[in-house]
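Can you keep this structure in mind? I'll have questions shortly.
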Amino acid sequence: MASNELVFLFLCKSLKRKRLIKIIENDFPSIKVIDIPCIGRFNPILAFKMITAGAKGVLLLGCDPGDCHYREGNLISERRIAVAKETLHAFGIQESRLQAIWYNPGKDKQILHDIKKFLLDIASLPVINLKTTQKKEG
Amino acid sequence: MVNWTKITDATRHYLKQVFQSDDLILSYTDSHTPGMMTPVVIRKAEDIDSIILNPICTQNLAVYLSEFFQNDIQTGKPVKGKWYITVKPCDVRSVIQMMADEQILKEHIELIVFDCDGTVTNKNLKELFKSEIRKVDFNDHQAKAETLLNEELTADLSGLYQVKCSDREICSIPAVNEFTFIGERERFEFSGTAKNTAIIQDTLTQEECFEKVSAELSKCIRCNACRNICPACFCSDRCVMDKPKLSVPYITKEITLDQIFQYHLIRFYHVAPNCTACGECERICPQGISLSIFYKYLHRMNKHLFGDESGSSDSDRQKLLSYRFGEDLV
Ligand code: SF4
Ligand code: SF4
């Protein structure tokens with residue numbers, strides 16, 4: 001994948017994820033990592049904005065269900081992501097562009113494996129850049 | 001068979017019996033534009049006679065309820081008396097959903113559901129009569145109009161009803177605990193001409209669907225009318241669309257295709273657990289965008305994801321805001 005085809009990775013901030021972030025930034029130049037306090041705080045409308053402005057996909061990395069530092073952050077967010085995926089689908093945008101994976105810090109091997117899988121999933125999808133699409137006069 | 005004169009009379013009669021001072025009635029009356037009704041707030045018993053119910057009562061009155069309550073809450077006024085609201089069967093759901101979302105206080109609302117056999121939008125009525133009308137009367141499916149030139153025209157409405165009217169999923173009264181029903185029929189059967197209620201996300205491929213959505217949305221002028229009319233969209237002054245200067249600019253005020261998409265994506269996502277497919281957004285759109293492509297999908301999605309239809313129960317179902325351990329995730 002060319003490095004200009006951006007993919008955003010949101011993950012919950014944790015000291016133990018520092019090493020992982022370094023690895024990802026080294027190995028996957030197309031991925032832009034953004035850390036937020038908890039995945040439960042992630043607002044899917046940000047993902048909509050990114051996807052319609054040219055990002056290929058948005059991946060979320062949270063802790064195992066039930067293991068959230070803020071108790072239910074990842075559970076709420078799982079429900080929101082389900083609705084957000086349906087939203088994309090209703091607009092004719094591929095749902096696979098928005099995915100979430102759930103691993104506790106430390107499980108780097110599985111995480112990297114899943115990231116590769118995600119990139120493969122969205123590799124063949126076209127970039128949607130509505131910013132450059134002209135609005136038809138109607 | 002719906003006799004509109006009878007229904008109007010019965011509604012007035014009922015309201016006169018129950019109305020007390022401090023109460024408030026939300027209903028429909030004649031507007032200055034022939035062929036169009038207007039919502040009315042009644043606070044005096046002698047005004048009850050101005051209520052008129054007929055098949056052009058298209059507005060969903062639920063949207064006014066939350067505005068009033070917000071007003072009262074913000075100004076610190078205690079809500080007094082009962083609020084009577086006359087609703088069509090399809091709008092009951094919107095009111096119930098607002099109760100579930102705690103936008104209105106259950107104990108103050110009294111629902112009066114009137115029998116209805118379909119509603120016709122102002123636009124459709126205009127097309128039907130073609131000439132300027134001065135007055136229009138309804139009986140069952142028949143509309144009798146008087147034009148400005150004093151001609152008398154009659155027309156049949158059965159093919160003109162809104163799409164939602166022939167959709168049994170939407171036009172049915174949910175099993176709510178209490179309401180007063182005005183009308184004679186025991187079971188609802190739509191007797192007009194049925195319309196196509198297919199969901200395009202099922203019938204088209206993903207690319208075709210994207211193209212269709214883009215084509216529709218490129219007409220949008222971002223007037224916000226569909227947001228303001230929506231009973232499921234109740235953030236009023238706290239709406240993210242009005243705050244383009246947030247530190248994270250989720251959306252700007254430009255009318256470019258990406259911002260239009262963003263606007264509708266946000267709206268879809270925000271009304272997701274609450275949309276009752278009332279179709280007001282489509283009716284109000286000045287650009288004639290068929291927003292039914294979204295709300296029909298939403299309505300079914302709610303049922304799939306959350307197990308029950310929106311507006312079917314007034315117990316708490318703020319699914320995107322709360323989670324209790326042990327609950328099913330979706
Ligand atoms: S159909 Fe439109 S107006 Fe009605 S609740 Fe759904 S989004 Fe709101
Ligand atoms: S009412 Fe129509 S034109 Fe106005 S913002 Fe909604 S979709 Fe766009």
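Every chain is numbered from 1 and lettered A, B, ... according to where its sequence line falls, protein lines coming before strand lines.
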Test applied, ring pair (Phe, Tyr, Trp, His ring centres under 6.0 Å); reference residue, Phe91(A); option that passes from Tyr297(B), Tyr269(B), Phe294(B): Phe294(B)
Heavy-atom closest pair, residues Ile266(B) and Phe48(A): N-CD1, 4.5 Å
All heavy atoms of Glu86(A) vs all of Leu305(B), minimum pair found to be CG-CD1, 4.3 Å
Looking at Lys126(B), I want to see if its NZ is surrounded by more than 12 non-hydrogen atoms of other residues, nucleotides or ligands under 6.0 Å. no
Counting heavy-atom pairs closer than 4.5 Å to chain B, which one of Thr52(A), Ile51(A), Asn43(A) comes out on top? Asn43(A)
With a 4.5 angstrom heavy-atom cut-off, is it the side chain or the backbone of Ala53(A) that approaches chain B, or both, or neither? neither
Hey, does the side chain of Glu211(B) reach the backbone of Gly92(A) with a donor-acceptor pair shorter than 3.5 angstrom? no
Rounded at 0.5 Å granularity, tell me how far CG in Leu130(A) sits from CD1 in Ile260(B). 10.0 Å
Look at His89(A), Lys49(A), Gln94(A) and state which one has the largest set of heavy-atom pairs under 4.5 Å with chain B. Lys49(A)
I'd like to check Val83(A) versus Met301(B) (side-chain heavy atoms, cut-off strictly below 4.5 Å). Are they in contact? yes
Under 4.5 Å to a heavy atom of chain B? For Asn129(A) that would be neither
List the steps and the verdict of side-chain contact (heavy atoms from CB on, under 4.5 Å) for Phe261(B) and Ile128(A). CA-CA 12 Å; Phe261(B) 255 76; Ile128(A) 304 174; over 6 Å; no
Using non-hydrogen atoms and a 4.5 Å limit, figure out which bit of Gln262(B) sits close to chain A: side chain, backbone, both or neither. side chain
